[in-house]
Amino acid sequence: MTQTEVPTPVVDEVPEQRRSLLDKLFELRARQSTIGREVRGGVTTFVAMAYIVLLNPLILGASADITGARLSAAQVTTATALSAAVMTVLMGLVGNAPLALAAGLGINGIVAFQMAPSMTWPQAFGLVVLEGVCIVLMAVSGVRERIMNAIPRPLKMAITVGIGLYIALVGLVSAGFVTRMPDAAQTTVPVRLGASGHLHGWPIVVFCFGLLLMIVLMARKVPGAVLISIGVATVLAVVLHEGFGVGGWGLTTPALPAHVVAAPDFGLFGHIDLFGGFASAGALAATVFLFTLVLSGFFDAMGTITSVSDEAGLSKNGKVPRMGRILLVDGAGAIAGGVTGSSPNTVFLESAAGVGEGARTGLASVVTGLLFAGTLLFTPLAGVVPAQAAAPALVVIGGLMVAQCRTIPWHDPDYTIPVFLTAALIPFTYSITNGVGAGLIAFVLIKIGRGKWREAGWLLSVLALVFAVYFAIDGVETLFR
């Protein structure tokens with residue numbers, strides 16, 4: 001690489017002494033990044049995933065526990081922001097990776113709608129802590145890293161492609177560009193364009209405008225393209241709502257808040273009962289809940305870490321630097337989610353939005369975490385950015401991740417179907433775990449069927465059996481009742 005090809009650090013951002021400290025902590029120059037890029041990436045990731053501060057209280061608050069008790073929205077909001085702030089900053093400092101953590105979608109649904117009705121909230125959060133302990137033990141022992149390294153690279157690439165399709169679909173659905181058919185059971189078309197087969201309404205206009213603006217700015221390689229587009233689309237949404245009374249924004253209405261500052265409520269912090277869930281729900285049911293949490297948290301994070309790291313160019317020979325530390329922090333995130341009362345925290349797919357904006361180091365995660373910490377006092381401001389303004393980032397970054405298709409050996413019969421199942425089932429089932437499981441089972445079966453069972457290895461064979469139990473868990477639970 002010539003001297004002129006090396007990215008030029010921004011000289012006037014901070015004094016040289018301070019920049020040297022940041023270089024030492026985050027390896028900025030070694031990863032060919034700058035402070036400005038990391039800050040933009042960190043802000044972009046925060047904007048793309050700030051919705052979790054509002055969405056998590058709605059999900060956890062929608063269910064009552066076995067006693068009929070419901071969680072306070074203010075307390076869950078505080079718990080969500082607190083755990084996301086602490087764990088994301090920790091990921092930046094310990095793992096030095098542009099990965100942000102927060103209460104995991106899907107996993108919080110398990111806590112709210114499957115676990116809580118069978119036990120009290122402290123008991124449910126106690127099982128969440130136990131999940132985190134299990135994942136931390138696997139990380140410390142090296143088992144988790146061995147599993148990640150054992151998965152063939154084509155399947156890892158398929159996970160990246162599947163996640164790209166997944167987050168693009170999440171963006172399209174959250175913006176209302178794609179909706180579910182109300183009578184999907186009676187039709188052959190489960191989803192459709194817009195709310196009625198056609199696009200209509202100003203919120204969709206905001207989404208389309210933000211998406212097209214982002215595409216153009218990224219094509220022209222404008223620095224901060226993602227963040228600029230989100231900001232412009234948010235301003236447009238606020239003008240439409242406040243100036244012309246436009247509604248239909250969904251979860252987050254772009255309304256100027258009446259109060260900028262709100263005091264945090266730490267009422268849920270530390271309210272856990274580690275083993276009470278086994279008595280309330282029964283040993284078998286509680287074990288199944290714990291198994292589901294561990295498996296979902298394990299492989300959802302694995303897929304996200306792998307794909308985002310690949311997108312950031314951090315992987316070397318299919319391995320991610322400091323993987324042991326990254327996995328340790330991710331496991332600790334589940335523990336933090338239980339202790340704070342926010343449900344298991346895990347690495348977020350939206351971290352890819354920050355990577356698309358230039359994030360390459362843990363400095364971006366520190367920025368994202370500090371912004372989450374700010375929402376503890378400025379929670380009302382988190383509700384200004386509507387999904388229609390943030391969703392274009394998910395669609396665009398998802399498209400960039402799907403470009404990994406070019407590295408997959410589609411001609412190899414050992415990988416063709418496993419890769420397809422992995423990439424397809426992640427978005428089709430809204431679950432990274434389901435896609436990874438189906439792909440691994442198919443891969444091992446093909447190896448055995450072709451007389452190459454030794455190439456699959458004992459570790460992947462065991463994982464295939466574990467996933468077979470996972471897919472049949474309802475039948476297994478019924479069998480032992």
Q: So how far is it from M91 CE to L101 CG, rounded to the nearest 0.5 Å?
A: 4.5 Å

Q: Check step by step if side chain to side chain donor-acceptor pair (under 3.5 Å) holds for S342 and S83.
A: CA-CA 7 Å; S342 64; S83 57; 3.0 Å; yes

Q: Keeping S309 on the side-chain end and T306 on the backbone end, is there a donor-acceptor pair under 3.5 Å?
A: no

Q: Can you tell me how far the OH atom of Y166 sits from the CG atom of L394, to the nearest 0.5 Å?
A: 11.0 Å

Q: So, the side chain of T304 versus the backbone of F348: is there a donor-acceptor pair under 3.5 Å, distance only?
A: no

Q: Knowing that exactly one of V329, L327, L99, V308 qualifies, which makes a side-chain contact (heavy atoms from CB on, under 4.5 Å) with V347?
A: L99

Q: Just wondering, are more than 12 heavy atoms of other shown residues or ligands nearer than 6.0 Å to CZ in F420?
A: no

Q: For W249 and P386, which heavy atoms make the closest approach, and how far apart are they?
A: CE3-CB, 4.3 Å

Q: Can you name the closest pair of heavy atoms from A359 and P98 and give their distance?
A: CB-CB, 3.9 Å

Q: Return all side-chain donor-acceptor pairs below 3.5 angstrom for residues 235-242, not counting sequence neighbours, or 'none' if the list is empty.
A:
| unit_1 | atom_1 | unit_2 | atom_2 | d |
| --- | --- | --- | --- | --- |
| H241 | ND1 | V246 | O | 3.0 |
| E242 | OE2 | L256 | N | 2.7 |

Q: In Å and rounded to the nearest 0.5 Å, what is the OG1 to CG distance from T80 to N56?
A: 4.0 Å

Q: Given 3.5 Å as the limit, does a donor-acceptor pair link the side chain of R406 with the main chain of A403, or not?
A: yes

Q: Okay, side chain of N345, backbone of S343: is any donor-acceptor separation there less than 3.5 Å?
A: yes

Q: Would you check if the side chain of N96 reaches a backbone N or O of T361 as a donor-acceptor pair within less than 3.5 Å?
A: no

Q: Quick one: do Y430 and V173 satisfy side-chain contact (heavy atoms from CB on, under 4.5 Å)? Show the steps, please.
A: CA-CA 12 Å; Y430 255 54; V173 170; 3.6 Å; yes

Q: Applying side-chain contact (heavy atoms from CB on, under 4.5 Å), run through R360 and V355 and close with a yes or a no.
A: CA-CA 6 Å; R360 296 292 181 271; V355 169; 3.5 Å; yes

Q: Would you give the length of the straight line joining atom CG of L425 to atom CG of L165, rounded to the nearest 0.5 angstrom?
A: 11.5 Å

Q: Is the shortest heavy-atom distance from the side chain of T422 to the side chain of F443 under 4.5 Å?
A: no

Q: Are M214 and V395 packed together at the side-chain level, in the sense that at least one heavy-atom pair is separated by less than 4.5 angstrom?
A: no

Q: Mark yes or no for whether T45, through its side chain, and G42, through its backbone, hold a donor-acceptor pair below 3.5 Å.
A: no

Q: Does atom CZ (F428) have a neighbourhood of more than 12 heavy atoms from anything else shown, all under 6.0 Å?
A: no

Q: Taking the side chain as every heavy atom from C-beta outward, state whether I230 and P392 have any atom pair closer than 4.5 Å.
A: no

Q: Given side chains that start at C-beta, do those of V53 and T77 come closer than 4.5 Å, heavy atoms only?
A: yes

Q: Strictly distance-based, threshold 3.5 Å: is any side-chain N or O of T416 a donor or acceptor partner for the main-chain N or O of W410?
A: yes

Q: To check you understand the geometry: which heavy-atom pair defines the closest contact between A353 and T44, and what is its length?
A: O-CG2, 3.7 Å

Q: Work out which heavy atom in R325 is nearest to a heavy atom in G95; give both atom names and the distance.
A: CB-CA, 4.3 Å

Q: Quick one: OG on S72 to CG on L60, what's the gap to the nearest 0.5 Å?
A: 11.5 Å

Q: Would you say that V366 contacts F26 through its side chain, given a criterion of any heavy-atom pair below 4.5 Å between the two side chains?
A: yes

Q: Show the nearest heavy-atom pair for residues V111 and P344, with the distance to one decimal.
A: CG2-CD, 3.9 Å

Q: For the residue pair P264 and L377, establish whether any side-chain heavy-atom pair is separated by less than 4.5 Å.
A: yes

Q: Kindly compute the distance separating CZ (F125) from CG (L71), expressed to the nearest 0.5 Å.
A: 5.0 Å

Q: For V419 and L155: C-alpha separation, side-chain torsions, deciding distance, then whether side-chain contact (heavy atoms from CB on, under 4.5 Å) applies.
A: CA-CA 6 Å; V419 161; L155 288 184; 4.1 Å; yes

Q: Donor-acceptor pair, T375 side chain versus F372 backbone, under 3.5 Å?
A: yes

Q: Is a donor on one side and an acceptor on the other found under 3.5 Å between the side chain of S365 and the backbone of A97?
A: yes

Q: Run the salt-bridge test on E38 and R31 with the 4.0 Å N-O cut-off and return the result as yes or no.
A: no

Q: Are W202 and V205 side-chain neighbours, meaning at least one heavy-atom pair lies under 4.5 Å?
A: yes

Q: For D330, is there an ion pair with R144 - N to carboxylate O distance below 4.0 angstrom?
A: yes

Q: Would you find a donor on one side and an acceptor on the other, under 3.5 Å apart, between the side chain of T88 and the backbone of A85?
A: no

Q: Going by heavy atoms in the side chains, are I204 and Q388 under 4.5 Å from each other?
A: no

Q: Under the side-chain contact (heavy atoms from CB on, under 4.5 Å) rule, what do T179 and R192 come out as? Steps first, then yes or no, please.
A: CA-CA 6 Å; T179 61; R192 61 186 173 187; 3.4 Å; yes

Q: L328 and V140: which non-hydrogen atoms are nearest, and at how many Å?
A: CD1-CG2, 3.7 Å

